[in-house]
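The structure appears right after this line, and notes come after that.
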Amino acid sequence: MVRLISEQTEGKAILVTDVGQHQMIASRYYRFKDPNTNITSGGMGTMGFSLPAAMGAKVGAPDKTVVAVIGDGCFQMTLQELGTIYQTKIGVKIVILNNNFLGMVRQWQQLFFDKRYSSTEMINPDFVQIAKGFYVPGRKVTERSEIAGAVKEMLDTPGAYLLEVVVEQEDNVFPMVPAGAPISNIRLE
Ligand SMILES: Cc1ncc(C[n+]2csc(CCOP(=O)(O)OP(=O)(O)O)c2C)c(N)n1
């Protein structure tokens with residue numbers, strides 16, 4: 001998904017990410033061409049960062065394509081900003097990688113706590129309907145074969161757009177360093 005966005009924007013978009021697996025996936029698979037085009041909530045990352053940050057990026061660089069790549073959990077932290085998008089017509093593209101989990105935390109629970117999942121499964125609302133409530137057009141895709149066309153539709157649609165992509169529920173992202181471990185203990189699987 002991220003590679004397709006990368007290809008169709010020729011690596012020239014400003015990519016803004018939130019916190020979690022999607023953040024690392026976006027960093028790994030988007031082929032950035034220009035400096036200052038990867039905006040992410042690193043370090044003490046705060047869920048909910050990416051939507052308002054993407055809006056700010058679009059206001060600062062109106063001629064650039066700005067794509068926010070967001071997890072389903074993070075999106076629900078600041079989705080009310082869709083109201084600001086509607087009011088101010090900020091043309092930001094929103095891509096939700098929806099695994100129906102707080103994926104990064106689930107990954108840790110799987111790898112370090114014998115898959116004892118606690119408070120990480122998400123029962124999500126209908127994101128496309130929520131966007132429609134704010135007059136932001138959108139689409140949900142569930143099949144791999146649909147995603148190239150969906151990215152094109154998103155980029156070709158003037159103004160803001162929300163694309164929800166249903167992804168593998170229990171996929172993991174590497175490399176990672178276990179809590180309290182030195183970098184030499186990096187895990188690749
Ligand atoms: C405000 C806030 N609460 C909790 C966390 C801890 N945290 C980091 S990533 C994450 C899960 C993110 O889930 P989701 O947005 O669905 O993204 P995914 O990892 O599935 O891509 C959580 C709870 C945080 N970084 N910020």
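Note that ligands are numbered from 1 as they come in the structure, with each ligand's atoms numbered from 1 the same way. Residues: numbered from 1 along the sequence shown. Note that these values count all heavy atoms, side chains included, but never hydrogens, waters or copies made by symmetry.
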Return yes if some donor-acceptor pair links the side-chain N/O of [X] with the main-chain N/O of [Y] below 3.5 Å, else return no.
X	Y	answer
Y161	E153	no
Q23	G20	yes
Q21	D171	yes
D18	I70	no
K93	G159	yes

Counting non-hydrogen protein atoms only, what is the nearest one to [atom]? Give residue, atom name and distance.
atom	value
atom 14 (P) of ligand 1	G73 N, 3.6 Å
atom 11 (C) of ligand 1	L102 CB, 3.8 Å
atom 7 (N) of ligand 1	M47 SD, 3.8 Å
atom 21 (O) of ligand 1	H22 ND1, 2.8 Å

Considering distance alone, does some N or O of [X] sit under 3.5 Å from an N or O of ligand 1?
X	result
T46	no
F101	yes
G45	yes

Atoms of ligand 1 less than 4.0 Å from [X] heavy atoms?
X	result
N99	20 (O)
G103	13 (O), 18 (P), 19 (O), 20 (O)
V105	10 (C), 22 (C), 23 (C)
M104	9 (S), 19 (O)

Find out if a path of hydrophobic residues (ILVMFWY) with successive side-chain heavy-atom gaps under 4.5 Å connects [X] to [Y].
X	Y	value
I96	V2	no
I14	V59	yes
L4	Y30	yes

Min heavy-atom dist D18 to ligand 1 below 4.0 Å: no
Proximity flag V19 to ligand 1, non-hydrogen atoms under 4.0 Å: yes
Between N124 and N100, a side-chain donor and acceptor under 3.5 Å: yes
Best match, A26, S50, C74: closest heavy atom to atom 15 (O) of ligand 1: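 It is C74 whose heavy atom sits nearest to atom 15 (O) of ligand 1.
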